[in-house]
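Ligands are counted one by one from 1 in listed order, and the atoms in each one are counted from 1 as well. Reckoned from all heavy atoms, side chains included, excluding hydrogens, waters and symmetry mates. In this chain, residues are counted from 1 in sequence order.
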Amino acid sequence: MSIFRFIHTADIHLGSFLHISGMEKHPKLKELSRKATYQAFENICNIAVENKAAFILISGDLYDREARSVRANRFFVDACRRLEKERIRVFVTAGNHDPAKEYKELFRLPDNVYVFSASEPELILVNDTGGEPIAAVSGQSYGERWERSPLHAHYPVSDADVFRIAMLHTQMETGRSNYIPASSADLSGRSGFDYWALGHIHQPQIIKEDKPVIAYSGAPQGRDFGEQGLKGCWLVEVEKIGGVSCFRANMKFQVTSPVIYHTFFIDIGCPELAEAESFDQLEAYLIEEAEKLEEKIRAEHSLVEGILVRWEIGGRGRLHFLFSEDIEGSQDEIRRLLRTSLGHRFPFVWTDSVILRTKDPAAEEVLVRHPMLKEYLDQIIMDIRQGEPARKSLISQLGQMWTQKADYEDMDEKRFFLDESTLENMLDEAVQLILNGLIEAGGRE
Ligand SMILES: [Mn+2]
């Protein structure tokens with residue numbers, strides 16, 4: 001028997017803008033960059049109203065520190081007033097981007113909104129419209145930008161026979177974490193809870209499916225290429241399936257993001273491109289790929305207004321010789337072509353960037369002809385890929401600009417994190433440079 005529904009969201013970062021390259025000259029893109037986080041929150045509210053949700057949980061980072069604004073405050077209050085009329089409650093915990101110390105609403109919040117205290121854990125009992133208790137929500141806000149203590153360890157648990165929810169803004173790291181140290185075992189070990197509504201990680205994820213559910217909703221709108229794909233919130237339907245404290249949570253992911261980020265990986269060696277040798281042929285193929293995605297999104301997700309696209313073009317093939325003389329110029333030209341031909345559709349497909357990583361097909365032949373060289377290169381690559389000492393020495397020689405560890409939200413933009421894909425790309429390019437050098441030196445055979 002279904003008892004009620006609720007929505008789990010987090011990391012709305014209301015008021016922050018999207019990064020869209022080239023938007024300066026395009027009012028439509030500029031507007032979308034400014035309105036996307038607002039639109040995503042409005043979509044959440046619409047989903048709550050349509051599904052007669054009892055409440056919405058916002059597990060931290062409702063606002064964005066840098067983008068804190070009167071407009072964002074006003075927007076939130078107005079949206080909550082509308083929810084109040086529909087008898088939908090809103091529970092908010094402050095996260096690291098909107099800690100209680102800096103959290104100040106400029107307008108009076110309507111009575112259906114509850115913001116959890118930062119000074120102590122609290123428990124709120126929720127009744128249905130008939131006055132019967134249906135759920136208990138426990139939570140605590142971040143007081144400061146960092147929260148290093150396991151707040152959840154002290155969350156009160158309701159003793160009523162209701163669905164028990166805990167809200168937590170955490171990176172789910174054990175040991176020393178700036179964002180509430182916790183593990184899935186810690187959370188499961190806190191008996192009594194049915195659902196852990198997590199925030200902080202922007203990718204939706206179900207860590208544990210049942211008894212208790214542990215889930216991240218992810219951000220309702222991605223803000224850069226690190227946050228790709230469809231973004232949304234969880235619509236959770238709670239069922240009573242037996243005696244005391246026996247509930248089931250049926251979770252449905254609802255897409256809310258008006259904009260999605262998408263990377264296409266294109267291989268110039270694929271059958272459709274293997275014989276191609278002009279920009280026109282490449283362009284026609286890329287447009288076809290973009291159209292396929294556009295059609296799929298339009299058919300399945302009517303809320304999506306735009307798709308921001310990055311093209312990573314790699315592989316070996318004849319097209320390589322078209323680009324190799326002037327890689328940057330080629331990237332710019334392909335981007336320009338695609339922006340012109342794809343920018344006017346709905347949902348529109350906007351090319352953010354084109355990255356060319358194609359390879360000379362002859363390079364592979366050099367390796368075939370010189371097995372010793374191949375073995376030697378493979379060995380070096382293997383050492384770097386797998387060997388801690390090789391990596392350490394790389395970092396000690398070149399590491400001024402590398403951070404050792406990616407702190408999820410507080411990345412230093414002047415540094416870059418040496419992650420697996422960056423390292424793979426670097427190794428790949430290094431091998432190509434060596435092979436190209438050999439080809440140049442030896443002449444083409
Ligand atoms: Mn956060």
Practice problem: Have a look at Asp61 and say which of its N, O or S atoms is nearest the Mn ion (ligand 1). | Solution: OD2

Quiz item: Which heavy-atom pair separates Ile334 from Val354 by the least distance, and what is that distance?
Solution: CG2-CG2, 4.0 Å

Quiz prompt | 2.8 Å cut-off met by an N, O or S atom of Asp11 to the Mn ion (ligand 1) | solution = no

Quiz item: Do you see a donor-acceptor pair shorter than 3.5 Å between the side chains of His202 and Tyr216?
Solution: no

Quiz item: So, Arg82 and Asp78, do they make that salt bridge, N to O below 4.0 Å?
Solution: no

Quiz prompt | Of all N/O/S atoms in His200, the name of the one nearest the Mn ion (ligand 1) | solution = ND1

Quiz item: With a cut-off of 2.8 Å, does Asn96 place any N/O/S atom under that distance from the Mn ion (ligand 1)?
Solution: yes

Quiz item: Does NZ or CZ of Arg71 come closer than 6.0 Å to the centre of the six-membered ring of Tyr38, within 45° of the ring's axis?
Solution: yes

